[in-house]
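Here is the structure we will look at, set down as structure tokens.
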Amino acid sequence: MANTTPPAPTVGFDLDMTLIDSRPGIRACYLALAARTGTHVDADLAVSRLGPPLVEEIANWFPADRVDEVADLYRAMYPEYAITPTLALPGAPEAIAAVRARGGRAIVVTAKYEPNAKLHLAHLGIEPDAVIGDLWAEQKALALREHGASVYVGDHTGDVRGARTAGAVSVAVATGPCDAAELREAGADAVLTDLTEFPRWFSDYCSDN
């Protein structure tokens with residue numbers, strides 16, 4: 001008889017404001033960057049719109065010919081200022097565990113500089129099967145396809161676009177800068193209040209597939 005056991009699922013997760021609340025740490029890093037460079041950065045405004053690549057935010061505060069240089073400085077300062085204040089969002093460890101309980105793989109696909117993403121996860125004791133950084137929006141589909149992810153979970157409309165580009169189910173959590181209505185309008189297949197709702201959703205998804 002043919003084997004009818006469905007393959008174990010691979011689920012991708014975004015990092016900032018999906019698995020972790022990095023706002024306190026990022027705010028601290030921006031304030032330190034402003035002090036180091038003598039350039040005003042509205043750290044509260046910056047952390048209210050997390051998601052897109054770092055260089056897009058840096059470009060709001062520094063001239064174009066300094067963006068790459070300042071972004072490199074920010075990344076170098078990041079471990080000192082941003083790792084310790086960052087917390088796991090409610091339900092994050094349980095969401096990873098729910099995937100593993102089904103024999104699946106949990107990967108993190110993020111726009112964040114990959115070494116710093118790994119520092120966050122190690123500090124919080126969250127151990128995904130792979131971490132892929134420096135990918136934003138539709139670019140995330142590259143990693144999702146490579147790892148065979150059938151679901152991608154994120155908090156931003158860019159995450160929805162990445163999932164749809166990869167042909168993965170888009171699960172959105174309303175814990176970041178985009179509210180539930182924006183995420184639905186962007187085409188999310190499911191919108192959850194936060195990751196505490198993910199294990200039940202994932203159980204239903206696995207039962208149906």
Original post:
Which heavy atom of V151 sits nearest a heavy atom of A168, and at what distance?
Top reply: N-CB, 4.0 Å
**OP:** For side-chain contact (heavy atoms from CB on, under 4.5 Å), just list the numbers for L195 and T175, CA-CA rounded to whole Å, side-chain angles, deciding distance to a tenth of an Å, and then say yes or no.
**Re:** CA-CA 9 Å; L195 282 180; T175 46; over 6 Å; no
Original post:
How long is the span from the CZ atom in R66 to the CG atom in L73, to the nearest 0.5 Å?
Top reply: 8.5 Å
Original post:
Do D14 and K140 sit within salt-bridge range, that is, some charged N less than 4.0 Å from a carboxylate O?
Top reply: yes
Original post:
Taking the side chain as C-beta and beyond, is there a heavy-atom pair between L33 and V70 under 4.5 Å?
Top reply: yes
**OP:** Give the cluster check for Y30 versus V55: same hydrophobic cluster or not, with ILVMFWY residues linked at side-chain heavy-atom distances below 4.5 Å.
**Re:** yes
Original post:
Which value, rounded to the nearest 0.5 Å, describes the distance between F202 atom CZ and R102 atom CZ?
Top reply: 7.0 Å
Subject >> Within 6.0 Å of CZ in R23, more than 12 heavy atoms from elsewhere >> reply: no
**OP:** Before giving the answer on side-chain contact (heavy atoms from CB on, under 4.5 Å), spell out for V171 and Y152 the whole-Å C-alpha distance, their side-chain angles and the decisive distance to 0.1 Å.
**Re:** CA-CA 6 Å; V171 178; Y152 185 60; over 6 Å; no
Subject >> salt bridge (Lys or Arg N to Asp or Glu O under 4.0 Å) pairs, two or more places apart, involving residues 181-202 >> reply: none
Original post:
Atom CG of L19 and atom CG of L124: how far apart are they, to the nearest 0.5 Å?
Top reply: 9.5 Å
Subject >> Pairs flagged by salt bridge (Lys or Arg N to Asp or Glu O under 4.0 Å) wherever residues 55-64 is involved - sequence neighbours left out >> reply: R49-E57
**OP:** Can you see which heavy atom on E114 is nearest to which on D134, and at what distance?
**Re:** N-OD2, 3.6 Å
Original post:
Using the benzene-type ring in the case of Trp, are the ring centres of F13 and F198 under 6.0 Å apart?
Top reply: yes
Original post:
What distance do T157 atom OG1 and R161 atom CZ have between them, rounded to the nearest 0.5 Å?
Top reply: 5.0 Å
Subject >> Backbone N/O of T165 and side chain of R145: donor-acceptor pair under 3.5 Å >> reply: yes
Original post:
Are W61 and I26 grouped together when hydrophobic residues (ILVMFWY) are joined by side-chain heavy atoms under 4.5 angstrom apart?
Top reply: yes
Original post:
If you group Ile, Leu, Val, Met, Phe, Trp and Tyr by side-chain heavy-atom gaps below 4.5 Å, do I126 and L15 land in one group?
Top reply: yes
Subject >> Hydrophobic cluster membership, I20 vs L135, 4.5 Å side-chain cutoff >> reply: no
Subject >> Non-hydrogen side-chain atoms of P128 and I107 separated by less than 4.5 Å >> reply: no
Subject >> Verdict with reasoning, K112 to H120, per side-chain contact (heavy atoms from CB on, under 4.5 Å) >> reply: CA-CA 11 Å; K112 188 179 292 295; H120 273 305; 3.9 Å; yes
Subject >> Any donor-acceptor N/O pair, H147 side chain to A149 backbone, under 3.5 Å >> reply: no
**OP:** Count the heavy atoms belonging to other residues, nucleotides or ligands that lie under 6.0 Å from OH of Y113, then report whether that count exceeds 12.
**Re:** no
Original post:
With side chains defined as the heavy atoms from C-beta onward, is the minimum distance between D44 and D42 less than 4.5 Å?
Top reply: yes
Original post:
How many angstroms lie between atom OG of S22 and atom CG of L89, to the nearest 0.5 angstrom?
Top reply: 8.5 Å
Original post:
Taking C-beta and beyond as the side chain, do V11 and R105 meet within less than 4.5 Å on heavy atoms?
Top reply: no
**OP:** Evaluate the criterion side-chain contact (heavy atoms from CB on, under 4.5 Å) for residue pair R75 and L54; output intermediate values, then yes/no.
**Re:** CA-CA 9 Å; R75 294 184 185 107; L54 170 65; 3.9 Å; yes
Original post:
Looking at A172 and A188, what are the two nearest heavy atoms and their distance?
Top reply: CB-CB, 3.9 Å
Original post:
Is the backbone N or O of S203 less than 3.5 Å from a side-chain atom of S207, with the two atoms forming a donor-acceptor pair by type?
Top reply: yes
**OP:** For residues R27 and L31, determine if any side-chain heavy atom of one lies less than 4.5 Å from a side-chain heavy atom of the other.
**Re:** yes
**OP:** Run through D72, I58, N60 and flag the one making a side-chain contact (heavy atoms from CB on, under 4.5 Å) with V67.
**Re:** I58
Subject >> Minimal non-hydrogen separation, V131 against A117, with atom names >> reply: CG1-CB, 4.1 Å
Original post:
Any donor and acceptor pair, going by atom type alone, linking the side chain of D159 with main-chain N or O of D155 inside 3.5 Å?
Top reply: yes
Original post:
For A174 and L183, which heavy atoms make the closest approach, and how far apart are they?
Top reply: CA-CD1, 4.1 Å
Original post:
Closest heavy-atom contact between G12 and L144?
Top reply: CA-CD2, 4.3 Å
**OP:** Taking D129 for its side chain and A106 for its backbone only, find out whether a donor-acceptor pair lies under 3.5 Å.
**Re:** yes
Original post:
Same cluster for V99 and V169 if Ile/Leu/Val/Met/Phe/Trp/Tyr side chains link at under 4.5 Å?
Top reply: yes
Subject >> Atom pair CH2 (W136) and NE2 (H156), whose distance is rounded to the nearest 0.5 Å >> reply: 4.0 Å
